[in-house]
Every structure is written in C-alpha cells, then in structure tokens.
Amino acid sequence: MELAKAYDPREAERSHYQRWEANGFFAPEINEDPTAEAYSIVIPPPNVTGSLHMGHALQHTLMDVLTRWKRMQGYRTLFLIGVDHAGISTQLMVTRQLKKDEHKTPQDIGREAFTTRVWAWKEQYGGEITRQIRREGLSVDWSRERFTMDPQLSIAVRNVFVTLYKEGWIYRGTRIVNWCPRDKTVLSDLEVKDEKAKDGKLYYLRYPLSVPPAVAGGLVRPKGGAKSPYGNLQPPATAGGSDYVTVATTRPETMLGDTAVAVNPNDERYKNLIGRTIALPLTDREIPIIADEYVESEFGTGAVKITPAHDPNDWEIGERHGLEKLVVMNDDATMNAAAGPEFAGLDRYEAREKVIAKFDELGLLEKIEDYDVTLPVCERCKTVIEPILSEQWFAKMEQMRDLALGLMREKDLPHFFPEVPHKKVYTTWLENLRDWTISRQLWWGHQIPAWYDNDGNVYVARTADEAYEQAGTTDLTQDPDVLDTWFSSALWPFSTLGWTGQQVQSPKSKVQSEEAGQSLTLDIGPWPLDLKTFYPTDVLITGRDIIFLWVSRMVMTGLKFIGERPFDDVVITGTVLDKNGQRMSKTKGNGIDPLDVFEKYGVDATRMTLAGSATGVDFAWRDERVESFRNFANKIWNATRFCLMNSDGASVSSEFKLQLSSDAENQPTEVGTPSLADRWIVSRLKKTARAVNHALETYQFHEAVQLLYHFFWDDFCDWYIELKKDEITAGDADASSRILSILEQALRMLHPFMPYLTEELWQKLPGVSNDLHNAAYRKADVTIMLADFPICDATLIDEQAEAEMSAVIELITKVRNIRSEMNIKPSEKVAVHIAANADFQKIS
RNA sequence: GCCGACUUAGCUCAGUGGUAGAGCAUUCGCUUCACACGCGAGGGGCCAGAAGUUCAAAUCUUCUAGUCGGCACCA
C-alpha cells in the first residue's frame, strides 16, 4: 500500500465523522460493559444566533480530547451538545430582519406572530453553529441534542421558578434596575459592563435656598449687576453661609427628578442648612436638605442632589428618609411629562444640554470640570445604561449562595483549573452576591409563569390551569416578561439529562440534601436514567467571562434541586488573542475564523494548536504555530507511509505481543529479539503514555501535546525509524511488525487530539481489528476511536536501555557534529574510532 | 480604591529550589531511496529591576516599574 506523498486533511475530514456518528460511536450506548463507569461533559450551549469563534474552538477541543480519551479508556462517555435560545440576541436579530423585510416592528405584528417568526428563524438559521461543531470533529451525542426552550427544559424552568417562589426566594419588587434604553429591557448587574466616557464632565449646579437665611451676612453680594431672579451670586467663602447650595453631578438632566439635597451630618459647612428647603430650579418644587452619612464631605462640594428614581444610592437614601421617588424618564431614555413641559420628549442628552443652558442663563451654573467617568453600558449593544425605578422579578440569592459557599468551604468544590485566581474570585463574588434581576422585557424566552387578576393579585403556577384554579377565575393575564436566559442555562447540567422538576430525588442525593438542611418540594416520579447515570458531570470547560453568569448558578441550582454539585472540576480556558495580543472582536474586525483555519491547515492541526496552549493562559494566535502542527500531521502521515511501504508480511501486534523484556537474551518474544533501540522505544512509548495520561488527568493539555510531539517526531521518527531503516527496507517482517505496533500505539495516543488523521492512518495499518478495541467495545465496528488508550506498563520501562540509548545518541550527534564542522559530505564514508567508558563499550 | 495575573532566546510561549526549553525566525551543510510541510549541525537568554530567605533562586518572600484582567466606586 502506498500513501500520497503529503497529507491532505480535507480527504480525511470528509468521511470519518459521518461514519462515527452513523455507527453510534458518540453515544454512550456503544459501551457494552454494564459496569462501565460514566464520564460526562455538557457543552456550554452556544447561542443559537452565534457562529463559531476561536474561544469555542478552544473549549470544544479540550472537551473532545477528554471525552475521546475517556471513551478509549472504556468509560461510558456522554458529551452532551445543545444550543441556548439567547433571549436578547435572538430577539434583536429577528427584529432587525422584520424591519428590513417588512418595515415592521414586533409590536406591529404582535407577540404570537413574532415568536412564531423567531421559531422559524431558529429552524432556518439556528443550525449554523451545530454544523460548525460537526466540522470540529466533536464526538458529541447528537441524539441527545438539547435546546434551552425544548418543552422538557421549559417544564424544568417553570418548576424551578414555582418552587423558588413558593419558598420565598423569588419575589416581585420595585427597585432601581439597569435599564437598556435601546433594547428596552432590564439587565442584571452581570450584563452591564463599564466603559470609559470620552469626555466626561462634572457639572456644578447652584440650588437656591427657598427662604433667605435669617442670619445676617448670609448673602455675598457681588459688585456686578443682577442677572437672575436669585440675584447674581458669587461663590461664598463657606457654602453654608450663602443662599444657595452647590451640588456636583455628571448627569444634570436627572436634577429634574431630584427630591432632596443631602449633606453629611458632620459637615460644618452645611450643618445649619439641614432641614431647610431648596427651590429646585427649572421646576416649581421645593425639596429638603437632609443629612445622611452616605455623603462624603470631601467629594465635590459635599452636597449631593438626590434622585431616588434614577440612581441606586439615591434610592437607598430616599428609602431612609421617606423621599418621593419621581420618575422623569421614559423607557427609551427620553424625558417624560414629570420632567416638565419644556423637557418632556427630549432625549436624555438633549435634556442635559438644555438643563445646563438654563442653569447658565439663570446664573446658576457654577462651573464645568473635566471628569473621568466610567459609564455602565449594555454588554450587548453598548448603549449607556440608565438606572431607573422599575417593577421587576428578582431572585434572592442567600440560600443558594450559602449552598455554593458551603460546597467550597467544606469540600473545596468545584475545583478550578487553574485554581489561581478563579477559586478566590468565585468565592469572593459569592460572598458579596446580591439579588438577581431575572425578568426581561422580551418576547423570546421562557415567559414568567405568573398570572394577574384584575385587582393585580399574582398567581404563580406551573400552568395557566393551575393559576385559574388558584384564582378561582380564568380572567387572568400572564406576566408578559420572560426570564433571563441564564435562568434556564443555570439548570443545563440536569435539565438536559431529563430532569423536569417532577421527579423525586435519588436516595443518595436525598441524604446529602438533608445533611444540607434542605427541604424537598419536588413531586413524584423516578429519576430519568440519564440523570442517574451522568449527573454529576465530570468537568466543565468554559471561559472566565461566564464564571458568575453561568458556572456559579449551575452550582447553586444543582445543589438546590438535585442535591448534588453539577461537576467536580471547572477548567477555565484562556482567551485567544490576535497576533498583536489584542482581544478578538467583531467591531475591531481582528477575529480569526476557525473555519478558515480548518480549511487552510486542517482541523487536527488547529486542534493541536489550541490544545497546545497552556491551560488558562491567554495566548496570541499565530498562523506559524498551526503551520508547525500541520507539518507535524504531515510527519505522522509520512512516517506511516514509510512503515506501510515496507510492511509485506507484517502486521500490528496486539499489546501483549509487543511486550519486550529488558533481558532480551532470555525472553525473545513473538516478534523477534528486541535490540537496544527496540527496548528503548518501548520504554519511551510507555513513559510517554504514563505522562500523557497524567497530563490529561490534571488538564495539562499542552503538556500532553508536547509529550506526543516530542515522542513522535524526535524519538520515533528521528531515531527509531532511522535506526531500523536498514532492517525494515531489507524486508525484515519482524522489525516491520514491531515498528507498526509502536506506530499504532502512538496513533492511539494522538487520536483524542488529531481524530481525523489518526483514524485515516490507523485504518490502513495491517492487522487492525476490533480486537484492539477497549474491552467495552468489542462488538463495535473497527475504529481507533474505541481502541484501548495506551497505559504505562512499568515492566516495560527500561532505564538501562534509555541510558544506553542516550549515550548512543550523544555519540552519533558528536560524530555528525565533527562531520559537519569538517565539511564532510554525507555521501563520504568515514571510519570512526571510539574511545568509551567500560560501561558503554558493550553497547552495539 | 480592593484583589489578582503576567514580565524567560528576534517573535509567540512552556518550565522547574540545584548545569536554561519548544515552535517559528536565523546561520551553515544536505536532490541521504517516508517526509523540503523535510534531514543534519549550529548561533542566540546575567529568565523586568532591587533587596531578602537558602549551601543553592529564573523558580520562595518583600518592594519597584511596566502590561493586562476582575470587582467596587463613580454626587
């Protein structure tokens, strides 16, 4: 058999995936061993609107390496794939399409028609990401593919919501929330990012006291002419002695909603003003001057305007002092009627300009300073968030937070890789956890299972019928909002395995739950088989950006509803940066499309590149690096090509036949008497297997890649093949069988990383059969995927052979060095005379 | 403001309390019958700076500088 001269990845990538999938190799059911231990990984569900990026490719590669490795070890493996409905992204995408195609808004066509459209969109375009995942070669079980809005998963969501509501962990309340005026929905704190304002300003506004001070000398009259109804006032020596108070603000437009001015109770400058009132300019309102410890005297003027309806801290102060909460903005960040006729309808930034202009006109604008402000922006559309007062659904996190913290403190789980800094960051975040805003003003998602009667009473139930029963009427309206996408993602590790919230817990988890002091509120029914088999999953691999959004919440809901952690280990990958070390982003246009890289260098080379980066460390993408792994793939191809060119009468020996004694004279094996090189390569092979297994156990993927690269290229190709070349080309079938057997084992170890190439080559080796499969897969069709993953056999480690071989290598290198330095042509033969230590003289 | 990470060969990065590593780039030599996506032989680093612990530190501690990140605040 003769292979092409160079490896063409496209050839190998064409057929194998289909065959693997069609033969059920990806499904756990392929495992014939009823006692096999389970190994499971759930994929972080990519957004249905998403397309594959390098971050995915990295995470996916690592998950697939682990899955393939464990599968080859005989575990009953499940690599579960699914897609997230991605509420906001998807709704925006379809809204945009609707506008483009029909010039209509969602409101024009109504909720039902709109969601129908989104489903249609999902059917048509939503498969893009999963098609790309197939291309990556992931051994995911497509028969168990899930979508966060599958009926079963939606039932789970409802049950969780209802349970938490009944237990008092979910409530509806009016609070200051993060409002995105563009998406017109509330966002959780985690969906808000900080952005530096380009030209931030701090505006100093003068608020006149409504009654002149009784004390003499209060006013500082300037020499110039009067300009405003309040007189032309100059900044006084002490603010407290004047007839106005200066406040500093970065958002002047919110002054229209001010309901107080606050000062620190110990601030001497303002002490005598506490209790006085201010005639709020541009309005006809009088607002009090109050004292609150929150105010820092050192900052700004030491006096703070208080806008309880548009600032979270002001809201707190408002609560403490019983202030009115005046909402002056609409949901699109324009001013509303309460802002006054002059401002109503203006955009917040127009209103800002106008407020400033008016203050200036009135002589009340003291000064404007440049000021570095970081603005909260919507993580998705980058619109500046407006904190507004709004009625929303919230989840109280105390109980679930304590469950997660308890798991960390008592069992040190989950274990983060790398542990620093993630363990601490995760724990600290939990300790400071605040309530979670879970409602979203969208139509695409899980509609909140709460119904209202005409009096505004709320009925939370799993179904409309249950709500009708509770209310004693069918005249109810369901809450129009949907749940945060992360609410359903939080249930992913168990909702995908069949848990709907209607089953009782397993006896095992029940005990654990009672230990944790948890009450169980779940209904009857057996645990689904998959849940019993595959939960908890073994490891979660994801990026650091969703540790809080997703990882922590899975831990919490897993403990709360299943009574067990969702996974032991969490591998946090680094970020793939562009070649200049910059984050890849759509706006910068510096992203590298994994599919292009697959096309250019092959999937296997790409996987090696990704797995070859150190766990958790950011790294700059370099095409040169992939190129080197493409070259490596070609090297493997050609090494195999060589072995096959001379394989007449030879065949791969199963592992036991490969065994070689270090005491070669006494124990010749079926494949002839092993030479030093034979004993050496087997020893190297076994040490490599040991190290690779260990590296993978500890998620040191790059270590495994290095080991395999070095073993294959340096040990196997540069030395072993070269040393055996004469025997092999002379047609020594024993030597050929031996080299094929080493090659075969190497391919197995490489398979989790380079699935296509290794399958392509392995199938061509003489003598491969499902006898080489792990014992759990003896009936399955022949594939390297199910071959037994090499392990270390300590009896085959031969330190003596390795030491002797090192000496040989050193010697040969020195001779070559001399030849090179003396410019002796390779074709010229020279006689070499060697003086060696007694120990090494016997080495031949 | 708090917490943290990183700073190693020209580039991108591994690495360990005890003679500095890889890939790429580079130099020299090779149409050696698997592979020029190759083969062979080289050159190249006082491991950011300073102090300390130690028989021994690039590796541990402290400080400094630069880069980056998370959180909080942001009147």
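This structure is a prediction, so every number in the text was calculated from the model and none was measured. Just so it is clear: chains get the letters A, B, ... in the order the sequence lines come, proteins before strands, and each one is counted from 1.
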task: Assign a letter to each nucleotide of nucleotides 5-13 of chain B from its 5' end: B, base within under 4.0 Å of a protein heavy atom; S, sugar-phosphate only; -, no contact.
output: S-----SSS

Starting at atom [atom1] of [X], determine the distance to atom [atom2] of [N], rounded to an integer number of angstrom.
X: A:E296; N: B:G1; atom1: CD; atom2: P; value: 14 Å
X: A:F716; N: B:C35; atom1: CZ; atom2: C1'; value: 13 Å
X: A:F712; N: B:A34; atom1: CZ; atom2: P; value: 15 Å
X: A:D726; N: B:C33; atom1: CG; atom2: P; value: 13 Å
X: A:W713; N: B:C35; atom1: CH2; atom2: C1'; value: 9 Å
X: A:F548; N: B:G70; atom1: CZ; atom2: P; value: 10 Å
X: A:D714; N: B:G23; atom1: CG; atom2: C1'; value: 12 Å
X: A:I572; N: B:G69; atom1: CD1; atom2: P; value: 18 Å

Hey, is the side chain of [X] poking within less than 4.0 Å of OP1 or OP2 on [N], counting only N and O atoms?
X: A:K5; N: B:G38; value: no
X: A:N638; N: B:A36; value: no
X: A:K635; N: B:A34; value: no
X: A:N631; N: B:G38; value: yes
X: A:Y709; N: B:G21; value: no
X: A:H422; N: B:G70; value: no

Out of [options], which has the shortest distance to the side chain of [X]?
X: A:R583; options: B:C3, B:G69, B:C35; result: B:G69
X: A:R641; options: B:C73, B:C37, B:A34; result: B:A34
X: A:H702; options: B:C3, B:A14, B:C37; result: B:A14
X: A:D194; options: B:A22, B:C35, B:C73; result: B:C73
X: A:S628; options: B:C24, B:G70, B:C3; result: B:C24

query: Any ion pair linking A:D292 and A:R320 (charged N to carboxylate O, less than 4.0 Å)?
result: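 Salt bridge between A:R320 and A:D292, a charged N being under 4.0 Å from a carboxylate O: yes.
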
message: Assess whether a salt bridge exists between A:E419 and A:K424, defined as any Lys/Arg side-chain N lying under 4.0 Å from an Asp/Glu carboxylate O.
response: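 A:K424 and A:E419: not salt-bridged.
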
- request: For A:E624 and for A:R630, locate the closest nucleotide of RNA chain B by heavy-atom distance; then report the residue assigned to the nucleotide nearer the 5' terminus.
  value: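 By nearest-heavy-atom nucleotide position, the 5'-most residue is A:E624.
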
- prompt: Which residue lies toward the 5' end of RNA chain B, A:R544 or A:A262, if each is placed at its nearest nucleotide?
  reply: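 The residue closer to the strand's 5' end, by nearest nucleotide, is A:R544.
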
Counting the atoms with a prime plus P, OP1 and OP2 as sugar-phosphate, which does [X] contact under 4.0 Å by heavy atoms, base, sugar-phosphate, or nothing?
X: A:C643; answer: nothing
X: A:Y294; answer: sugar-phosphate
X: A:I306; answer: nothing
X: A:D718; answer: sugar-phosphate
X: A:D372; answer: nothing

task: Just grab all the salt bridge (charged side-chain N to carboxylate O under 4.0 Å, His left out) pairs involving residues 296-311 of chain A, residues at least two apart or on different chains.
output: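 Pairs touching residues 296-311 of chain A that pass the test: A:R251-A:D311, A:D258-A:K305.
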
query: Pairs in or reaching into residues 598-611 of chain A: which pass salt bridge (charged side-chain N to carboxylate O under 4.0 Å, His left out), with residues at least two apart or in two chains?
result: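 Residue pairs passing salt bridge (charged side-chain N to carboxylate O under 4.0 Å, His left out), neighbours aside: A:R10-A:E599, A:D64-A:R607, A:R135-A:E599.
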
Hey, can you pull the donor-acceptor pairs under 3.5 Å for the side chains in residues 623-633 of chain A, sequence neighbours left out?
from   : atom 1 : to     : atom 2 : distance (Å)
A:D623 : OD1    : A:W621 : NE1    : 3.0
A:S628 : OG     : A:R625 : O      : 2.8

Using the [atom1] atom on both, measure [N] against [M] and round to a whole Å.
N: B:G52; M: B:A57; atom1: C1'; value: 11 Å
N: B:C71; M: B:G15; atom1: C1'; value: 31 Å
N: B:U59; M: B:C6; atom1: P; value: 12 Å
N: B:G18; M: B:C13; atom1: P; value: 25 Å

query: Considering residues at least two apart in sequence or located in another chain, which fulfil the side-chain contact (heavy atoms from CB on, under 4.5 Å) criterion with A:L190?
result: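 Counting only residues at least two positions away or on another chain, A:L190 forms a side-chain contact (heavy atoms from CB on, under 4.5 Å) with A:S188, A:W429, A:F548, A:L549, A:R553.
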
task: Assess whether one donor atom and one acceptor atom, taken from the side chain of A:Q700 and the base of B:A14, lie less than 3.5 Å apart.
output: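 Not at all, since no donor on one side and acceptor on the other fall under 3.5 Å apart.
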
query: Does the base of B:A34 carry an N or O that pairs as donor and acceptor with the side chain of A:K725 under 3.5 Å?
result: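 Yes.
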
message: With no hydrogens and no angle check, just 3.5 Å: does a side-chain donor-acceptor pair link A:Y204 and A:E369?
response: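 Looking only at side-chain atoms, A:E369 and A:Y204 do form a donor-acceptor pair, the distance falling under 3.5 Å.
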
Under the side chain to side chain donor-acceptor pair (under 3.5 Å) test, residues paired with [X] that sit two or more places apart:
X: A:D715; result: A:R684
X: A:T259; result: none
X: A:K725; result: A:E722
X: A:H694; result: none

- prompt: Just by modelled atom types, is the A:I592 backbone N or O under 3.5 Å from a matching donor or acceptor in the A:D596 side chain?
  reply: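 Between the backbone of A:I592 and the side chain of A:D596 there is no qualifying donor-acceptor contact (under 3.5 Å).
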
query: What pairs with A:D578 under salt bridge (charged side-chain N to carboxylate O under 4.0 Å, His left out), at least two apart in sequence or on another chain?
result: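 Counting only residues at least two positions away or on another chain, A:D578 forms no salt bridge (charged side-chain N to carboxylate O under 4.0 Å, His left out).
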
message: Walk me through whether A:R434 and A:D189 qualify under salt bridge (Lys or Arg N to Asp or Glu O under 4.0 Å).
response: CA-CA 9 Å; A:R434 291 183 293 184; A:D189 294 343; 3.4 Å; yes

field: Nucleotide pairing, RNA chain B (Watson-Crick or G-U, distances under 3.5 Å), in dot-bracket with [ ] and |
entry: ((((((((.[[[[.)..(..]]]].(((((.......))))).....[[[[[..)....]]]]])))))))....

Nucleic acid contacts of residues 249-256 of chain A, taken as heavy-atom distances under 4.0 Å to RNA chain B: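 The answer is A:T249, A:T250.
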
